[in-house]
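Chain A is the first sequence line, chain B the second, and so forth, proteins listed ahead of strands; every chain is numbered from 1.
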2 protein chains.
Amino acid sequence: MPSDVIRGALIKRLRVSSAIADEDIREIEALPISVRHYPAETAVVRDGERATDCCLIADGFCARSKTIANGKRQILSLHIPGEIPDLMSLFLHVMDHDLSTLTAATLGLISHETLQKLHRRRPVVAEMFWRDTLIDSAMFREWIVNVGQRPAPARLAHVMIELRERLKIIGRVDGASFEMPLTQEQIGEALGITAVHANRVIRQLREEGIVELHRGRVTVLDERKLSELADFDGRYLHQSPTL
Amino acid sequence: MPSDVIRGALIKRLRVSSAIADEDIREIEALPISVRHYPAETAVVRDGERATDCCLIADGFCARSKTIANGKRQILSLHIPGEIPDLMSLFLHVMDHDLSTLTAATLGLISHETLQKLHRRRPVVAEMFWRDTLIDSAMFREWIVNVGQRPAPARLAHVMIELRERLKIIGRVDGASFEMPLTQEQIGEALGITAVHANRVIRQLREEGIVELHRGRVTVLDERKLSELADFDGRYLHQSPTL
DNA sequence: CCCCGGTTCCAACAAAAGTTAAGGACGCCG
DNA sequence: CGGCGTCCTTAACTTTTGTTGGAACCGGGG
């Protein structure tokens, strides 16, 4: 995979959330990145580990999660190409959660050292990355609301729409359908419900003609009903650099 | 309230999470802060508003929350003296949630402009504040797990222990007891359950001789049982500057 | 081609949490 | 001191979600 393809999605994404100068883009394009391939369902960094690199997703889907004493797992966020899910490890060196692949994935590793140097050289880029971690944080806040206050069908609808909005930015939504490569077990872990209940909810949305979910692909059947159910307000994604 | 008292808790807190030079402390002590008093249960900044200052809690308790379309509210975090709950507004100018007081509170307002200038002058301080927002983010992750995976009694126990650990840093734990000035309604909103169920859970913990909760004050009766129930691992608070 | 493991799907029952309703405690204010 | 409002408390009932267990489906590897 050529270097510009790897960085393309990142720059596309940064442009949406921050104003960014050409000079800074060149700096980012010059960043030394080492590429690694991971199979599906593999740990990239584990809870408790000490990270020395951040990873930029070049291709594939990832998820962050935490596992508690009784063995239950909670998925905290989903990640798509162009994102750096463990940017936080730059300053929080020991991981407090897992980062793993959902699908087979290509990741670009950027060393902490490289990033620190870039920040010293270009404080504006540092601010941009800071802003990126703050958006990450805003997404966690919305995730708390989702899991804490919405009934299960609304939770699923909300996660779907959030994912779609983010996929749109990198041009990965194909009409009424987009990828969401989670098993029902994982959907349950994301929504804070069991896999059995996740299945019930998926069936319900299908029977009501709202969305179809098949083989890791979502097809929206009734946009109106879906967005009403999801109660989605994308402001928390902070996609307007001017504001 | 004298200026050094206002800044004291902040510096105490920053020392715990980051290594910090005397020179930088002096910079922070020189920050122009305007002090305001708020009654209990008052909005400080509202969802959708555009912030121009960050507020340092000098005294009192605050909470951040989001309210969804059906009127339900989710509390996202609790905040104590020494914290800057809306530091994120520095780069995410329009608020995606509410910040309000729980008790009567004294807040020190620091303008965004002042902070930006300080960051340009002392990048190390910027990194320290960045790290602070990342710890904030780590706390949201744990809150997701709490609301998503733990049964209600464990949720309550976990929130209590987290609050206690943070109060310890600023010397606000008095033996087996500490402040937690939430109504049962608010406890429900924090845990993602109804007030009625919150009451059930509180009663249960009292009947089992684990904790007593009375008038906004928690008294731990059985430390062993409490920490077993809470499944608490404080690593996510990232309180070790060396790591 | 068929078997195997992982998923999906489903039903019956159990447990947890939400809803509604109403009485009691407590502090504040007139 | 009495009344009012907020919070706390509890019970009875409903709904949602979890649990258990099992069948059908599907894709990949032998």
For the helix from dC1(C)-dG30(D) to dG30(C)-dC1(D), measure the angle between the helix axis at one end and the axis at the other, each built from five pairs, rounding to 10°. 30°
Measure the distance from [atom1] on [X] to [atom2] on [N] and round it to the nearest whole Å.
X	N	atom1	atom2	result
Q204(A)	dC9(C)	CD	P	14 Å
I187(A)	dC9(C)	CD1	C1'	14 Å
L191(A)	dT16(D)	CG	P	16 Å
I202(A)	dT7(C)	CD1	P	13 Å
L182(B)	dT6(D)	CG	P	18 Å
E41(A)	dG5(C)	CD	P	18 Å
Q149(B)	dA17(C)	CD	P	13 Å
R155(A)	dT16(D)	CZ	C1'	10 Å

So what does [X] touch, heavy atoms closer than 4.0 Å: a base, only the sugar-phosphate, or nothing?
X	result
A152(B)	sugar-phosphate
G216(B)	nothing
G188(B)	nothing

What pair of heavy atoms forms the shortest contact from C54(A) to L87(A), and how long is it? SG-CA, 3.9 Å
Looking at S100(A) and A43(A), what are the two nearest heavy atoms and their distance? CB-CA, 3.8 Å
Considering residues at least two apart in sequence or located in another chain, which fulfil the side chain to side chain contact (heavy atoms under 4.5 Å, CB included) criterion with D233(A)? R235(A)
For S177(A), side chain to side chain contact (heavy atoms under 4.5 Å, CB included) partners two or more places apart: R217(A), T219(A)
Per T183(A) side chain, nearest of listed nucleotides dC8(D), dT7(C), dT17(D): dT7(C)
Salt bridge flag under 4.0 Å for residues [X] and [Y]:
X	Y	value
R64(A)	D136(A)	yes
D59(A)	R172(A)	yes
K168(B)	E165(B)	yes

Residue-phosphate contact under 4.0 Å: N199(A) side-chain N/O, dT8(C) OP1/OP2: no
Can you label the angle between the Y236(B) ring and the H158(B) ring as parallel, tilted or perpendicular, going by 30° and 60°? parallel
Could you go through nucleotides 19-25 of chain C and list every protein N or O atom that sits under 3.5 Å from one of its N or O atoms, giving the distance for each pair?
none

Is there a donor-acceptor contact under 3.5 Å from the side chain of S137(B) to the main chain of I135(B)? no
Give a yes or no on whether the backbone of V147(B) and the side-chain of R155(B) come within a donor-acceptor separation of less than 3.5 Å. yes
Pairing residues for E142(A) by the salt bridge (Lys or Arg N to Asp or Glu O under 4.0 Å) criterion, not counting sequence neighbours: R150(A), K66(B)
I'd like to know whether E223(B) forms a salt bridge (Lys or Arg N to Asp or Glu O under 4.0 Å) with R164(B), so could you lay out the CA-CA distance, the side-chain angles of the two residues, the decisive distance to 0.1 Å, and finally the verdict. CA-CA 12 Å; E223(B) 183 61 40; R164(B) 185 180 60 178; 2.8 Å; yes
For DNA chain C, whose closest nucleotide is more 5', that of I193(B) or that of R206(A)? R206(A)
The answer to which of G148(A) and R203(A) contacts DNA chain C further toward the 5' end, by nearest nucleotide, is R203(A)
Close N/O contacts between protein and nucleotides 27-30 of chain D (under 3.5 Å):
residue: dG27(D); atom: OP1; partner: R215(A); partner atom: NH1; Å: 3.1
residue: dG27(D); atom: OP1; partner: R215(A); partner atom: NH2; Å: 2.5

When V201(A) and H214(B) are each assigned the nearest nucleotide of DNA chain D, the 5'-most assignment goes to H214(B)
